Enquirer: 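Structure below; questions to follow.
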Amino acid sequence: MSTTARGAGPAGGPGVAAVGGPAEAKLTSAEIAALSKKHTISEWAVQGNVDPFVIDRAEGIYLYTPEGQRYIDFNSQLMSVNIGHSDRRVVKALQEQAEKLCYVAPGFMTTEPRARLGAKLAEITPGDIDVFFFTNGGAEAVENAFKIARAYTGRYKILSRYRSYHGATAAAMAATGEPRSWAQPPLPGMIHFADWYHGVDREDDSAEVALRNLEEMVMLEGPQTIAAIILESVTGTNGILIPPDGYMQGVRALCDKHGIVMIADEVMSGFGRTGEWFAINHWKVVPDLMTMAKGITSSYIQLGAVGMRRKIGDFFNDKMFPGGLTYSSHALACATALATIAVYEEDGLVERAKRTGRVMAELLADLAKRHPSVGAVRSIGLFGVIELIRNRKTRQPMAPFNGAAPEMAALGKFFRQEGLFTIVRWNFFFTNPPLIITEEQLREAFGIVDRGLEITDKAVS
């Protein structure tokens, strides 16, 4: 990647070309990075430490810098570009809709893309989920799911798990059970309960134990006060935590027993990522509400949604729906979602993720056998993680919870140098490629991972 800037204009300061004007020259990676750092904020980061990848274009599973350096996108960006980059069918649909109509006021008007998308989602979502409220993204879907659950039940408490992530808006962040929520004052009625997973150095709880602990929490909080329990069907950013068999069925039964709304957060795990349309399908459970985003448009444009069972949708036939967004049901986004879902179906990507996921599971297991720093691997479909340790006996994590380690930083640097993009976080990193990845491409990516793990293996005692 270039590190030499091409000029010094009055707008950019030393080493940064001036921008603006009709004859504007193409910026180098260094110039783009400098301007971005000067004038924009990067999320969840100490700004002085930000060293962004500069990407000019993308196609399939690959990302390219302005200078042409290629990276394998091994995390589908934020576990979201499921169909791969720059699929011409989706780009064409977006363009055609933009030429026709981009936006109408959602409370007073509707469009064909909105109507067709609602009907299509009703076909592919679990059970009798067939009413949808469209949002701008996943966090807003969660916010509105809470509003719906509270309106429907007349209760106010929301239970969510530690080690969860539900978004960065106020209530979604309050429901989040990990360090990014620590800086925000708690909101009334938001209660956390323990996950079955307690870290790579401790044993997992069985479904029976985890459910017994949850039921105790419900009893102590008062089931008549609890509007909803929200769970990521498979926890994403906190380590691809796959629930033990019986867990989701038990949560469903507990919610039914006490009239609590069950919310499945499918923002990351939905749209084929796990080898099913939605991860909750693995356990044949129908939630009352389901939040979705990311893969709904493969992140080609912003869109989220809350899906609700018919009985909840009908509740608002004679009562005001407690939410509204300027860009709800945006025509451009709905058309993009329809085209994206068509790609999943035409290319058989859900089944393909299941097949390729079996290959990935084998490759992960092989790494676990050969590398002493690999303490655990987990995957379901093309949703995977490698968790690293520095002691085989104590299983001490390579980096502490919410902490860093020089070995993890070195591993991340190695991946970048070798042309692999994924997210390295704490003591783990992700293997979440686009669903279109071939077995050959998958093995190429794992070859880079294999070499990189030699760095962390040296730290193992």
Side-chain angles (χ1 to χ4, degrees), residues 55 58-63 71-94 117 120-121 123-126 134 137-138 141 165 232-237 240 242 264-282 290-305 307 333-361 379-385 420-423 430-439 441-442 445:
I55 301 302
E59 185 173 356
I61 71 161
Y62 299 112
L63 310 164
Y71 294 95
I72 297 172
D73 186 355
F74 209 46
N75 201 57
S76 305
Q77 293 305 286
L78 294 178
M79 297 90 154
S80 58
V81 186
N82 291 0
I83 67 167
H85 297 274
S86 304
D87 187 288
R88 298 304 168 196
R89 293 163 290 184
V90 178
V91 172
K92 180 181 178 183
L94 194 157
L117 181 57
K120 186 62 186 177
L121 288 173
E123 290 179 15
I124 65 174
T125 48
F134 294 113
Y165 181 77
E232 291 172 276
S233 300
V234 172
T235 298
T237 190
I240 317 300
I242 305 160
D265 185 339
E266 291 275 354
V267 171
M268 277 191 186
S269 59
F271 293 96
R273 173 57 56 189
T274 68
E276 293 281 352
W277 272 111
F278 299 95
I280 198 73
N281 293 352
H282 287 281
M290 193 166 74
T291 59
M292 60 196 88
K294 294 185 184 285
I296 193 172
T297 61
S298 203
S299 291
Y300 282 42
I301 199 166
Q302 307 94 316
L303 185 67
C334 290
T336 303
L338 281 167
T340 302
I341 293 170
V343 170
Y344 288 119
E345 293 181 324
E346 290 169 13
D347 294 357
L349 292 185
V350 179
E351 179 58 34
R352 182 169 170 176
K354 184 182 296 185
R355 292 196 309 271
T356 312
R358 287 193 285 266
V359 176
M360 189 171 84
S379 69
I380 181 169
L382 287 173
F383 210 20
V385 73
L420 184 80
F421 167 74
T422 191
I423 294 176
F430 296 101
T431 61
N432 302 316
L435 309 188
I436 63 168
I437 195 167
T438 65
E439 184 174 334
Q441 291 169 331
L442 188 66

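Since we're looking at a predicted model, the values are computed, not measured.
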Enquirer: What heavy-atom pair brings Ala445 and Leu420 nearest, and what distance separates the two atoms?
Expert: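 Heavy-atom minimum between the residues: CB-CD1, 3.9 Å.
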
Enquirer: Tell me the closest heavy-atom pair linking Leu435 and Phe271, and the distance in Å.
Expert: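 Of all heavy-atom pairs spanning Leu435 and Phe271, the closest is CD1-O, 3.8 Å.
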
Enquirer: Looking at side-chain heavy atoms only, is the closest gap between Tyr71 and Thr422 below 4.5 Å?
Expert: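 Counting from C-beta outward, Tyr71 and Thr422 never come under 4.5 Å.
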
Enquirer: Rounded to the nearest 0.5 Å, what separation is found between the CD1 atom of Ile83 and the OG1 atom of Thr340?
Expert: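 Result: 4.5 Å between the selected atoms.
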
Enquirer: Give the minimum heavy-atom separation between Ala333 and Gln302, together with the two atoms involved.
Expert: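 Closest approach of Ala333 to Gln302, heavy atoms only: CB-O, 3.3 Å.
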
Enquirer: Could you tell me the separation between the CZ atom of Phe383 and the OG1 atom of Thr235, rounded to the nearest 0.5 Å?
Expert: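 Answer rounded to 0.5 Å: 8.5 Å.
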
Enquirer: For the pair Glu266 (side chain) and Ile280 (backbone), establish whether a donor and an acceptor sit closer than 3.5 Å, ignoring hydrogens and angles.
Expert: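 Between the backbone of Ile280 and the side chain of Glu266 there is a qualifying donor-acceptor contact (under 3.5 Å).
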
Enquirer: Side chains of Pro433 and Leu382, heavy atoms from C-beta outward: is any pair under 4.5 Å?
Expert: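 Yes, side chains in contact.
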
Enquirer: Would the number of heavy atoms belonging to other residues, nucleotides or ligands and lying under 6.0 Å from CD of Glu276 be above 12?
Expert: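 More than 12 within 6.0 Å, yes.
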
Enquirer: Rounded at 0.5 Å granularity, tell me how far CD in Glu345 sits from NZ in Lys120.
Expert: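 Spacing of CD (Glu345) from NZ (Lys120) equals 3.5 Å.
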
Enquirer: Identify, with sequence neighbours excluded, every residue that meets salt bridge (Lys or Arg N to Asp or Glu O under 4.0 Å) alongside Arg89.
Expert: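 Applying salt bridge (Lys or Arg N to Asp or Glu O under 4.0 Å) to Arg89 gives Asp87, Glu346, Asp347.
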
Enquirer: Go through the side-chain N and O atoms of Ser80 and Gln77 and say whether any donor and acceptor fall under 3.5 Å apart.
Expert: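 No, no side-chain donor-acceptor pair sits under 3.5 Å.
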
Enquirer: Under a 3.5 Å distance rule, please check whether Glu232 uses its side chain to pair with a backbone N or O of Tyr165 as donor and acceptor.
Expert: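 Yes; judged by distance alone, with no hydrogens or angles, the pair exists.
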
Enquirer: Might you point out which heavy atoms bring Phe278 and Gly270 nearest each other, and give the distance in Å?
Expert: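 Heavy-atom minimum between the residues: CD2-CA, 3.8 Å.
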
Enquirer: Within the 4.5 Å heavy-atom criterion, are Leu303 and Thr336 side-chain neighbours or not?
Expert: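 No, their side chains stay 4.5 Å or more apart.
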
Enquirer: Taking atom types as modelled, find out whether Ser86 and Glu59 have a side-chain donor-acceptor pair closer than 3.5 angstrom.
Expert: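 No pair is found: no donor N or O on one side chain lies under 3.5 Å from an acceptor on the other.
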
Enquirer: Run the numbers on Leu117 and Ile341 for side-chain contact (heavy atoms from CB on, under 4.5 Å), then give the verdict.
Expert: CA-CA 9 Å; Leu117 181 57; Ile341 293 170; 3.9 Å; yes

Enquirer: Could you state the interatomic distance from CZ (Phe134) to CE (Met292), rounded to the nearest 0.5 Å?
Expert: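 Going from the CZ atom of Phe134 to the CE atom of Met292 covers 8.0 Å.
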
Enquirer: Treating Lys294 as the side-chain partner and Leu78 as the backbone partner, does any N or O pair qualify as donor plus acceptor under 3.5 Å?
Expert: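 At least one qualifying donor-acceptor pair exists.
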
Enquirer: Is it the case that the side chain of Thr291 and the backbone of Val267 share a donor-acceptor pair, with hydrogens and angles ignored and the cut-off at 3.5 Å?
Expert: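 Absent.
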
Enquirer: Check Thr274 against Ala279 and note the closest heavy-atom contact, atom names and distance.
Expert: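 Closest approach of Thr274 to Ala279: OG1-CA, 3.6 Å.
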
Enquirer: Counting only N and O atoms by type, is there a donor-acceptor contact under 3.5 Å from the side chain of Ser298 to the main-chain atoms of Asn82?
Expert: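 Confirmed, Ser298 side chain pairs with Asn82 backbone.
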
Enquirer: Just so I know, are the side chains of Thr125 and Trp277 near enough to count as touching, which here means a heavy-atom distance under 4.5 Å?
Expert: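 They are not in contact (no side-chain heavy atoms under 4.5 Å apart), so the answer is no.
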
Enquirer: Restricting to non-hydrogen atoms, name the atom on Met360 and the atom on Ser379 that form the minimum distance, rounded to 0.1 Å.
Expert: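 Here Met360 and Ser379 meet closest at CE-CB, 4.0 Å.
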
Enquirer: Once rounded to the nearest 0.5 Å, what's the spacing between atom OG of Ser233 and atom NE2 of His282?
Expert: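 Rounded to the nearest 0.5 Å, the OG-NE2 separation comes out at 9.5 Å.
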
Enquirer: Answer yes if the side chains of Ser76 and Asn432 hold a donor-acceptor pair under 3.5 Å, and no otherwise.
Expert: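 No donor-acceptor contact under 3.5 Å links the two side chains.
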
Enquirer: Distance-only, no hydrogens or angles: does the Arg352 side chain make a donor-acceptor pair with backbone N or O of Ile436 under 3.5 Å?
Expert: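 The answer is yes, because a donor-acceptor pair under 3.5 Å joins these two groups.
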
Enquirer: How long is the straight-line distance from OH of Tyr62 back to CG of Asp73, given to the nearest 0.5 Å?
Expert: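 These two atoms lie 11.0 Å from each other.
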
